[in-house]
Number of protein chains: 2
Amino acid sequence: MLTKKINLWENNETAFLSTYILDNSDELHPNKKRPAVIICPGGAYLATSDREAEPVALRFAAKGFHVFVLRYSCLLKNFEDFDLLLEEGSLPEINKNTQMPQPLYDLAKTFLIIGQHADEWHVDMDKIAICGFSAGAHLTASMGVHWHRSTLKDKFSVESSKFKPAALILGYPLIDYSLTEENSRGDEFTGKLFEFSRLAHFGEKYPSKEKMKQASPIHFVSENTPPTFIWHTDNDELVDSENSLAMGLALRKKQVPFEMHIFENGVHGLSLADEVSAGDSTYINEAAQAWLPMALKWLEKQNFTL
Amino acid sequence: MLTKKINLWENNETAFLSTYILDNSDELHPNKKRPAVIICPGGAYLATSDREAEPVALRFAAKGFHVFVLRYSCLLKNFEDFDLLLEEGSLPEINKNTQMPQPLYDLAKTFLIIGQHADEWHVDMDKIAICGFSAGAHLTASMGVHWHRSTLKDKFSVESSKFKPAALILGYPLIDYSLTEENSRGDEFTGKLFEFSRLAHFGEKYPSKEKMKQASPIHFVSENTPPTFIWHTDNDELVDSENSLAMGLALRKKQVPFEMHIFENGVHGLSLADEVSAGDSTYINEAAQAWLPMALKWLEKQNFTL
């Protein structure tokens with residue numbers, strides 16, 4: 001396996017890929033162009049969570065897919081400042097240029113980089129899935145609904161088809177920013193988290209309703225949105241499961257095939273929901289562990305096979 | 001196991017229960033009052049399907065629960081006339097008194113009958129789940145949203161609590177009659193099926209919008225609705241998966257705990273989706289088979305345990 005760090009942009013080390021590129025072997029599907037999965041961990045656009053990175057990447061790699069973990073542009077320079085930020089309310093050293101569409105550009109650049117190495121790495125560019133969690137699922141869904149629009153084509157001066165994901169996997173996604181106002185618990189932690197998350201994503205803590213609408217994938221679902229697998233827990237305390245339900249309805253109305261699993265119980269940020277990805281026992285959830293095997297079966301139906 | 005047929009009403013053999021009452025044994029949880037599941041098979045209110053009856057009943061019985069299959073009031077006197085009805089367009093011998101709320105009365109009477117025998121059969125009346133499919137899931141959901149209302153209390157002159165289900169399991173449910181107009185495929189088979197189904201349920205083939213609204217559980221979800229497990233296939237060709245998505249949203253808005261699984265592919269009427277319940281290979285669907293183990297796990301969380 002080729003594991004390396006690839007910076008997305010020159011003179012900028014805050015956005016990068018970690019690769020899990022499977023070896024080409026004469027004994028194993030020689031020269032087979034394999035499907036690939038791009039992982040977008042969550043972290044409220046403040047940072048990207050390790051819990052939703054390597055443990056998830058290895059499950060897809062074990063299935064025979066190449067994997068790329070995308071560390072997209074986030075507010076905090078150091079992940080360790082995450083707690084500090086929320087506890088102290090002070091602003092540690094931060095990155096500029098994290099505002100949208102920067103994270104979307106990061107993800108688009110990921111497609112281009114993989115495309116440039118497709119022959120060398122044996123990647124089937126028609127079978128690139130994106131798997132995101134929480135804010136990373138917001139980014140994933142944003143790519144799903146915007147890949148064909150002029151924003152990306154104009155920025156990179158390439159055909160839209162270069163950015164086309166074949167499938168999306170959304171774990172406890174933020175899909176509609178208006179729900180963060182209505183549904184977040186409103187305690188101090190959550191309030192601050194969303195304030196700084198909006199600061200990262202909009203450049204201001206209290207963007208207008210119109211800006212939040214423009215940043216909400218729910219309003220841009222179309223026939224061009226790829227097949228989508230969604231999972232959530234009903235009682236997610238941070239990102240309301242209504243986000244997923246609304247996304248399901250929007251996909252249904254546009255006749256985009258989807259699969260959705262809402263488990264009754266579970267905290268926000270379950271990742272694999274097992275001991276491999278759990279920070280503590282709160283994150284172990286037997287029922288919700290079913291999402292990954294079901295997602296793998298679903299990918300098979302999207303022709304993600306060897 | 002005690003298997004017997006119990007007529008719900010005197011002088012009426014069209015509505016009855018088939019019981020799967022587990023033996024009480026000194027070696028196995030002696031005198032333990034067990035949870036019970038009432039199964040409501042589908043069949044468009046024209047008949048009740050065997051495919052969604054005994055095969056499903058035995059899975060719950062194997063888990064240690066008592067099971068009652070409810071053959072509620074349906075239009076056709078003979079199940080064999082189902083195809084005849086649709087193919088010929090003629091009306092074979094039919095039952096009168098199938099219009100709502102008759103099927104709901106049948107289900108309510110089921111609760112009373114089980115309650116009368118609760119000591120004899122060792123049934124825990126606080127742990128009665130209803131598991132319905134298609135039209136049977138419509139009936140199940142109707143009970144879930146109406147059990148506490150005066151209709152049933154007045155009809156039977158007993159407390160509402162006698163009809164309280166502890167949990168609902170809805171398989172490809174019809175939840176909103178207005179969707180049958182918008183979303184049914186509109187081919188001749190489907191058109192006729194819904195015509196006769198409405199005749200059975202409303203006494204007329206084309207009831208008013210207001211009547212259809214009154215018969216749609218989606219409009220009556222409340223804090224009194226029990227925890228609910230829902231499953232569907234996204235591309236269900238007969239009952240649109242939007243029914244389930246809308247039910248999920250309604251439950252979410254009322255803070256009723258729920259779990260939902262929408263599988264991407266699968267025809268209407270999958271039942272267990274395995275060879276035990278399949279009429280032919282169309283009804284075998286590996287991905288969708290996951291619903292029953294997940295429903296059993298979910299029931300455990302609702303304290304359906306031995």
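Each chain gets a letter, A, B and so on, in the order the sequences are listed, and its residues count up from 1.
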> For chain A, which of B:Gln255, B:Gln302, B:His232 has the most heavy-atom pairs under 4.5 Å?
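The option with the most such pairs is B:Gln302.
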> Kindly compute the distance separating CD (B:Glu259) from OG (A:Ser241), expressed to the nearest 0.5 Å.
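B:Glu259 atom CD to A:Ser241 atom OG measures 11.5 Å (nearest 0.5 Å).
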> The test is side-chain contact (heavy atoms from CB on, under 4.5 Å); show your working for B:Met260 and A:His261 and say whether it passes.
CA-CA 6 Å; B:Met260 176 157 59; A:His261 300 283; over 6 Å; no
> Heavy atoms only: give me the nearest B:Arg252-A:Asp240 pair and the separation to one decimal.
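Where B:Arg252 meets A:Asp240 most closely, the heavy atoms are NE-OD1, 2.8 Å.
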> Any chance NZ of B:Lys33 has more than 12 other-residue heavy atoms, nucleotides or ligands included, within less than 6.0 Å?
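Atom NZ in B:Lys33 is packed in, count exceeds 12.
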> Between A:Asp234, A:Leu245, A:Asn265, who has the most heavy-atom pairs with chain B when the cutoff is under 4.5 Å?
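Heavy-atom pair counts peak at A:Asp234.
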> Could you tell me the separation between the NZ atom of A:Lys301 and the CZ atom of B:Phe263, rounded to the nearest 0.5 Å?
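Interatomic distance, A:Lys301 NZ to B:Phe263 CZ, rounded to 0.5 Å: 8.5 Å.
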> Between A:Trp298 and B:Glu264, is a side-chain contact (heavy atoms from CB on, under 4.5 Å) present by the stated rule, with each step listed?
CA-CA 8 Å; A:Trp298 177 83; B:Glu264 188 182 71; 3.0 Å; yes
> Check B:Leu249 against A:Glu242 and note the closest heavy-atom contact, atom names and distance.
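Nearest pair, atom of B:Leu249 first, then A:Glu242: CD2-CG, 3.3 Å.
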> Using a cut-off of 6.0 Å, state whether more than 12 heavy atoms not belonging to A:Glu286 lie near its atom CD.
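12 or below, so no.
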